[in-house]
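Before any comments, here is the structure.
Values reported hereafter were calculated over all heavy atoms of this structure, with side chains retained and with hydrogens, waters and symmetry mates removed. Source: prediction; values computed, not measured. Proteins come first, then strands; the chains are lettered A, B, ... in the order of their sequence lines, and each starts at number 1.
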Amino acid sequence: MKKVFGRPKSLTKDPFTYCPGCHHGIAHRLVAEVLDEFGIREKTIGISPVGCAVFTYAFFDCDMICAAHGRAPSVATGMKRSKPDSIVFTYQGDGDLAAIGMGEIVHTANRGESITVIFINNAIYGMTGGQMAPTTLVGQVTQTSPYGRDPKTMGYPIKVAEMLSTLKGVAYISRVALSKPAYVLKAKKAIRKAFQSQIEGKGFSLVEILSTCPTNWGLSPIEASKWLEENMIPYYPLGEFKTPEEVS
Amino acid sequence: MGEKILMKGNEAIGEAAIRVGCHFYFGYPITPQSELAAYMSKKLPKIKNAAFIQAESEIIAINMVYGAASTGARTMTSSSSTGISLKQEGISFIACAELPCVIVNMQRGGPGLGSIQPGQADYFQATKGGGHGDYHLIVLAPSSVQELVDLTMDAFDLADKYTNPAMILGDGLIGQMMESVEFKERKKIDLPDKKGWILTGCKGRKKYCIVPFNMDPYEMEKVNFKIQEKYNKLKEREVRYEAVNLDNADLIIVAYGTVARIAKTVIQNAKSEGINIGLIRPITLFPFPESIIAEASKKVNKFLVVEMSLGQMVEDVKLAVNGKAEINFYGRVGGVVPTQSEILNEIKKYLK
Amino acid sequence: MAKIVVDEERCKGCELCIPACPKHIMVMSKKFNKKGYYPAKQVKPEECTGCAFCAMVCPDIAIEVFK
């Protein structure tokens with residue numbers, strides 16, 4: 001018998017530090033598989049954010065750097081400009097990318113920087129203990145929206161993929177989920193297309209990955225996946241919002 | 001090379017940086033240093049594989065520097081006072097990650113939005129760390145356009161040598177001033193090989209990580225100790241200053257940058273009135289030239305520190321002198337430049 | 001012919017593989033691992049088709065699939 005599924009080479013042997021059932025690990029594996037498949041591990045530089053995924057520097061077996069909170073796209077820009085033959089990706093959560101780093105992501109996308117962004121949207125701050133994120137759903141209870149997110153005072157959840165896809169410098173944007181095998185397969189395809197866009201120098205690419213945070217949602221991993229499908233997907237529809245063909 | 005040309009201070013910095021191989025500039029417009037960004041935007045696109053980016057903020061610019069520096073490129077950003085405050089988080093990361101880069105601060109009057117005229121009130125911020133955590137920048141304080149050129153070139157070498165960010169601490173006056181400058185041929189110096197840490201993709205080697213944090217406090221303490229060791233070396237090896245007329249001085253002025261220029265005229269004017277004044281002009285503000293000041297205080301017992309602040313460098317002078325001489329202070333702020341006559345009147349007060 | 005191998009020490013007992021398996025042959029072990037989690041295990045290995053759905057949703061890459 002032949003091994004048909006195992007650990008990709010672009011990951012180190014280190015066990016993930018994430019909570020049981022957290023989707024970060026699946027997203028890591030998919031990115032690593034894509035690096036393996038394109039044979040680009042040795043020319044890739046990854047940028048870890050601040051948040052739970054700060055530890056990605058230990059998990060990806062490629063050159064890595066940790067950015068300050070929200071600044072990963074700017075660090076990526078400096079890298080890609082000074083080392084244009086490398087493949088540069090950032091891995092960011094919703095607090096990092098859509099709150100403190102919203103300016104960075106918008107302008108990096110608008111300049112059409114040839115980088116790939118893996119954006120984990122789990123509608124909450126994980127590392128700091130479950131505070132409201134820009135992507136927290138209306139009515140969702142978090143540590144800092146204990147009565148549920150009230151759009152009158154807290155605004156509405158931001159649809160990052162839709163918003164960024166309006167920018168001309170963007171080559172590829174899609175939103176995927178990881179809550180069941182069919183979604184995981186589609187997510188893998190999206191991540192492939194995102195890196196392919198970069199390899200072909202088409203411009204900025206981003207994959208928004210809807211993920212669970214069982215610990216801070218206060219649900220079991222199975223319940224969390226169900227909650228994601230019932231609550232997040234209706235608000236954050238899956239699919240491609242921009243593909244390279246649209247780049248003029 | 002060798003030929004003298006007339007240049008504005010801010011533009012001279014840009015030309016000096018490009019000549020020592022800085023091909024990546026990231027900045028954001030702010031008076032009184034915008035000419036530097038404009039100069040880079042004109043020159044860098046003509047160099048192969050170079051990049052100029054007008055970033056969306058000061059914060060972004062310093063983080064682009066962080067990225068470019070991590071790949072081994074010579075890179076710089078520049079701003080003035082309020083913009084430098086915005087960069088502090090990034091500077092702390094760069095210092096912790098031990099990456100070389102150059103940051104230019106053409107200071108203006110503060111605090112707050114302050115004014116657009118020259119100031120020196122960012123001395124504490126520049127020399128004591130500026131951002132969070134225990135770190136220092138290598139801080140160079142030019143007092144002429146020629147020195148802007150020479151010290152900018154030196155700043156890149158020092159940053160590379162100590163893998164530490166270096167700052168050019170000038171002010172609006174020196175940045176806007178035009179003087180003749182010469183871009184001298186530089187001696188080749190041995191700088192450490194960057195190959196052991198730069199991020200270029202891990203082909204043929206194990207992966208490298210640049211990680212300016214550690215969850216284990218004992219490991220993080222070791223990072224601090226390692227960085228501190230560099231500062232000790234800087235204090236031993238890289239102190240620079242100019243000493244003028246220290247022998248038989250009735251009083252020694254301590255001043256840097258623009259104020260030191262004015263002090264030199266004060267020395268001449270005082271001489272014609274029979275007053276003998278000396279000057280110690282720190283060129284490196286970190287490491288601070290404390291030994292020469294301590295040495296001078298054994299022979300001269302009156303000092304006057306003059307700054308465009310309400311008393312910042314004077315604290316380091318007091319530490320250096322350690323109570324062995326009388327330290328007086330005169331400062332103008334908010335963009336006001338002290339005049340020669342004001343300084344001379346001040347001196348006369350203490351020589352009565 | 002297919003089989004899976006669960007790395008019991010990497011498994012954090014999240015149970016995501018259980019609903020993912022179309023043959024309903026993933027269960028949780030009654031014995032906990034060194035970290036204190038009850039790892040996943042397969043029953044009726046003869047029914048496994050090697051579809052790898054369990055491995056695809058495993059956040060800890062604790063499942064290898066052979067065919």
Side-chain angles (χ1 to χ4, degrees), chain A residues 1-33 36 52-53 59-60 120 122 176-189 209 211-215 219-226 228-229, chain C:
Chain A
M1 273 196 283
K2 213 176 89 195
K3 194 194 282 186
V4 292
F5 194 105
R7 198 173 183 80
K9 286 197 177 66
S10 292
L11 287 176
T12 63
K13 299 268 180 293
D14 292 19
F16 297 139
T17 43
Y18 307 112
C19 302
C22 165
H23 286 178
H24 267 310
I26 309 173
H28 283 25
R29 175 177 64 75
L30 297 180
V31 171
E33 282 178 4
D36 282 1
C52 296
F59 303 138
F60 287 105
I120 304 295
N122 60 8
V176 298
L178 302 171
S179 55
K180 58 185 184 191
Y183 287 157
V184 173
L185 288 169
K186 279 190 184 157
K188 167 80 174 288
K189 274 189 192 143
I209 303 178
S211 309
T212 60
C213 182
T215 302
L219 298 171
S220 76
I222 291 173
E223 287 166 347
S225 284
K226 198 164 166 261
L228 182 150
E229 289 173 10
Chain C
M1 246 324 243
K3 75 162 187 175
I4 66 162
V5 177
V6 179
D7 183 336
E8 289 186 3
E9 293 309 323
R10 278 189 188 271
C11 177
K12 292 179 188 154
C14 75
E15 307 185 7
L16 287 180
C17 54
I18 293 177
C21 176
K23 294 285 176 189
H24 312 292
I25 53 173
M26 294 302 292
V27 297
M28 303 314 287
S29 168
K30 296 224 160 31
K31 265 173 57 186
F32 52 79
N33 67 13
K34 281 183 194 145
K35 286 192 187 121
Y37 297 119
Y38 294 98
K41 70 170 189 183
Q42 194 187 45
V43 289
K44 301 186 200 160
E46 66 283 359
E47 288 189 24
C48 179
T49 64
C51 71
F53 284 7
C54 55
M56 268 180 229
V57 297
C58 174
D60 291 286
I61 321 177
I63 303 173
E64 288 183 331
V65 184
F66 297 85
K67 247 179 166 173

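Interface remark: C:Ala62 contributes no atoms to any contact with chain A (heavy atom separation under 4.5 Å). When heavy atoms are compared at a cutoff of 4.5 Å, A:Thr17 approaches chain C solely by way of its backbone atoms N, CA, C and O. Only the side chain of A:Leu11 comes within contact range of chain C, with at least one heavy atom under 4.5 Å from a heavy atom of that chain. Looking at C:Cys11, neither its backbone nor its side chain comes within 4.5 Å of chain A, counting heavy atoms on both sides. Looking at A:Val4, both its backbone and its side chain come within 4.5 Å of chain C, counting heavy atoms on both sides. Of the atoms belonging to A:Lys180, it is backbone heavy atoms, and not side-chain ones, that fall under 4.5 Å from chain C. Heavy atoms of A:Lys13 lying under 4.5 Å from chain C belong to its backbone as well as its side chain.
Heavy atoms only, all atoms of each residue included: C:Lys12 and A:Pro20 are closest at O-CB, 3.6 Å. When all heavy atoms of C:Cys14 and A:Gly21 are compared, the pair lying nearest together is CB-N, 3.2 Å.
With a 4.5 Å cut-off on side-chain heavy atoms, A:His23 and C:Leu16 count as touching. At a threshold of 4.5 Å between non-hydrogen side-chain atoms, the residues C:Pro59 and A:Tyr18 do not count as touching.
Here C:Met56 contributes atom CE and A:Ile26 contributes atom CD1; the two are 11.0 Å apart, rounded to the nearest 0.5 Å. Between C:Asp60 atom CG and A:His28 atom NE2 the span is 10.5 Å, to the nearest 0.5 Å.
Within the 3.5 Å criterion, the main-chain N or O of A:Phe16 finds no donor-acceptor partner in the side chain of C:Arg10.
Ranking C:Ile18, C:Ile4, C:Ile63, C:Val57 against chain A, the residue ahead of the rest is C:Val57, based on heavy-atom pairs under 4.5 Å. Taking C:Glu15, C:Glu9, C:Lys67 one by one and counting their heavy-atom pairs under 4.5 Å with chain A, the maximum is reached by C:Lys67.
By the 6.0 Å contact criterion, CE on A:Met1 is enclosed, its count of non-hydrogen atoms from other residues, nucleotides or ligands being greater than 12.
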